[in-house]
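The basis for the numbers below is simple: all heavy atoms, side chains too, and nothing from hydrogens, waters or symmetry mates.
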Amino acid sequence: MRQVGFIICFFASSFCWAQINHPKASPFATIEQEFGLSKITVKYSRPSAKGRVLFGEQVNGKSALVPYGRIWRVGANESTKITFLSDVVIDGQDLQKGSYALYAFPEEEEWQVVFHKNTTHWGDGRLDYNSQDDALRIKIIPLKTLEFQENFLISFDEITHNKIDMIWKWGNTKVSIPIQIDTESIMQAQIEEKLLNSPTAQTYYEIARYYQEQGILQVKSLGYIDLALNLGGDTYYFHRVRSLLLADLEKYSEAIKAAEISSKLASKENKDEFVRLNTNNIKEWKMIILKNK
């Protein structure tokens, strides 16, 4: 009997302590976004609106999920984490690279958004939150949208080499946070390092292409692309960049000659896209020449 009782207790205990893996009401998400030469990673949970009042005061007797003036974890469950691989500027203020807990203090007219150094708090850390651990606090004006967002969403938009907007959407509320990075300085340091360490034809080409895309240092870039051609020989992409640089310098006749060479070389390699690009540019530059006569 003693053995049977042990078996019953054992199975009863196992039954009592067994855990069922429930589907999450606020599923976890990770978003990674490259911009410039850096990357931002956000890890957060996505609650649903479910017909609830999301931000503000009571409406028709219903309390808001996130009352005005109260700290919000920018999502659900554990605190939202954001990681920057490089130093950034957020709404005009410097923030060092690293990982931060992301919090917000919503108000009707203006929100405060916080990048918090202590990432160990569960949820919003309401009882343990200490503003002295804020790495950065900014003020953002929320927008009202016509489109309704059911699940809280963090995304990135308006992406360039030097800036990006982090977007929060939930219900009919949208928050946009401008983030900038000094990609030009990072790139220039990389360029200077490469030029000191046995640069190749590809090195000179990549430098010239970068400067051409940025619309800077066209004369110097033309010298770099000529070095690429001298070291690496004729390629359709070397001559393509050379034609664009010449056009930037308003040397349209020379630009047309370079584009014709690029188009011919591209055609031999079945690079139809470059043939089309060069053909369009040649037409454009010929029109400019005719207008200037």
Side-chain angles (χ1 to χ4, degrees), residues 24-33 38-50 52-57 63-145 149-157 163-181:
K24 294 180 176 64
S26 302
F28 183 77
T30 298
I31 177 171
E32 293 185 345
Q33 181 61 62
S38 192
K39 183 172 70 172
I40 302 174
T41 303
V42 177
K43 297 182 178 182
Y44 73 116
S45 294
R46 302 186 58 195
S48 300
K50 295 181 179 178
R52 297 176 290 184
V53 179
L54 300 180
F55 303 105
E57 308 299 342
S63 296
L65 195 62
V66 183
Y68 286 147
R70 179 171 165 177
I71 189 171
W72 179 46
R73 74 194 76 179
V74 192
N77 301 325
E78 63 179 280
S79 61
T80 292
K81 309 296 191 305
I82 185 166
T83 301
F84 301 97
L85 287 188
S86 305
D87 296 346
V88 294
V89 177
I90 301 179
D91 195 33
Q93 298 186 54
D94 294 332
L95 182 66
Q96 292 183 343
K97 65 182 179 181
S99 295
Y100 301 92
L102 198 55
Y103 296 125
F105 292 84
E107 294 286 0
E108 185 173 3
E109 300 295 332
E110 183 179 78
W111 287 26
Q112 293 188 44
V113 174
V114 175
F115 297 83
H116 194 69
K117 289 182 284 188
N118 190 331
T119 60
T120 64
H121 297 317
W122 173 261
D124 56 24
R126 193 176 307 122
L127 298 178
D128 299 315
Y129 170 78
N130 188 339
S131 61
Q132 291 183 351
D133 290 327
D134 292 349
L136 178 66
R137 183 182 285 243
I138 62 172
K139 295 180 179 179
I140 296 292
I141 297 174
L143 301 175
K144 293 297 180 184
T145 63
Q149 177 67 42
E150 174 63 25
N151 286 86
F152 175 60
L153 175 67
I154 297 178
S155 62
F156 293 95
D157 203 3
K163 70 179 185 67
I164 191 170
D165 287 345
M166 178 167 56
I167 310 295
W168 303 349
K169 289 182 179 179
W170 202 16
N172 295 109
T173 299
K174 175 182 176 182
V175 171
S176 181
I177 301 169
I179 302 171
Q180 293 178 300
I181 187 170

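Nearest heavy atom pair, residue Ile31 against residue Ser155, reads CD1-CA, 4.0 Å. When all heavy atoms are compared, the tightest approach of Ser38 to Ser86 is OG-OG, 2.9 Å. The minimum heavy-atom distance linking Gly171 with Thr145 is given by the pair O-OG1, 4.1 Å. Taking all atoms of both residues into account, the shortest heavy-atom contact from Gly56 to Ala64 is O-CB, 3.2 Å. What you find for Thr119 and His116 is that their closest heavy atoms are CG2-O, 4.2 Å.
Residues Glu78 and His121 fail the side-chain proximity criterion, which asks for heavy atoms closer than 4.5 Å. Side chains of Ile138 and Ile90 form a contact here, defined as non-hydrogen atoms less than 4.5 Å apart. Side-chain contact between Phe84 and Ile179: present, with at least one pair of heavy atoms (C-beta onward) separated by less than 4.5 Å. Between Arg46 and Leu153, some side-chain heavy-atom pair lies under the 4.5 Å cut-off. In this structure, Ile40 and Ile82 have side chains that are in contact, with non-hydrogen atoms separated by less than 4.5 Å. Annotation: side chain of Gln149 is not in contact with side chain of Leu54 (no heavy-atom distance under 4.5 Å). At a threshold of 4.5 Å between non-hydrogen side-chain atoms, the residues Val114 and Ile71 do not count as touching. Annotation: side chain of Ser131 is in contact with side chain of Arg137 (closest heavy-atom distance under 4.5 Å).
Lys139 NZ to Asp91 CG: the interatomic distance, rounded to the nearest 0.5 Å, is 11.0 Å. Atom OG1 of residue Thr83 and atom NZ of residue Lys39 lie 9.5 Å apart, to the nearest 0.5 angstrom. Interatomic distance, Thr30 OG1 to Lys81 NZ, rounded to the nearest 0.5 Å: 11.0 Å. Between the CD1 atom in Ile177 and the CD1 atom in Ile140 there is a gap of 5.5 Å [rounded to 0.5 Å].
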Could you go step by step and tell me if Met166 and Leu102 meet the side-chain contact (heavy atoms from CB on, under 4.5 Å) rule? CA-CA 12 Å; Met166 178 167 56; Leu102 198 55; 4.2 Å; yes
Between Trp111 and Ile141, does a side-chain contact (heavy atoms from CB on, under 4.5 Å) hold up when you go through it step by step? CA-CA 6 Å; Trp111 287 26; Ile141 297 174; over 6 Å; no
Any chance you could lay out the side-chain contact (heavy atoms from CB on, under 4.5 Å) test for Val74 and Ile154, step after step, and finish with the verdict? CA-CA 9 Å; Val74 192; Ile154 297 178; 4.3 Å; yes
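No side-chain donor from either of Asp133 and Tyr100 sits under 3.5 Å from a side-chain acceptor of the other.
Sorted by first and then second residue, the pairs that involve residues 165-178 and meet side chain to side chain donor-acceptor pair (under 3.5 Å), not counting sequence neighbours, are Lys144-Thr173.
Each of Tyr103, Tyr129, Phe55 was compared with Trp72 under the ring-ring contact (aromatic ring centres under 6.0 Å, His included) criterion, and only Phe55 meets it.
Atom CD of Gln93 is surrounded by more than 12 heavy atoms from other residues, nucleotides or ligands within 6.0 Å.
Aromatic ring orientation, Tyr44 versus Phe152: perpendicular (interplanar angle above 60°, classes split at 30° and 60°).
Glu150 places a side-chain N or O within 3.5 Å of a backbone atom of Ala49 that can act as its donor or acceptor partner. Judged by distance alone, the side chain of Thr80 and the main-chain N or O of Arg73 form a donor-acceptor pair under 3.5 Å. With hydrogens and angles disregarded, a donor-acceptor distance shorter than 3.5 Å links the side chain of Asp87 to the backbone of Lys97.
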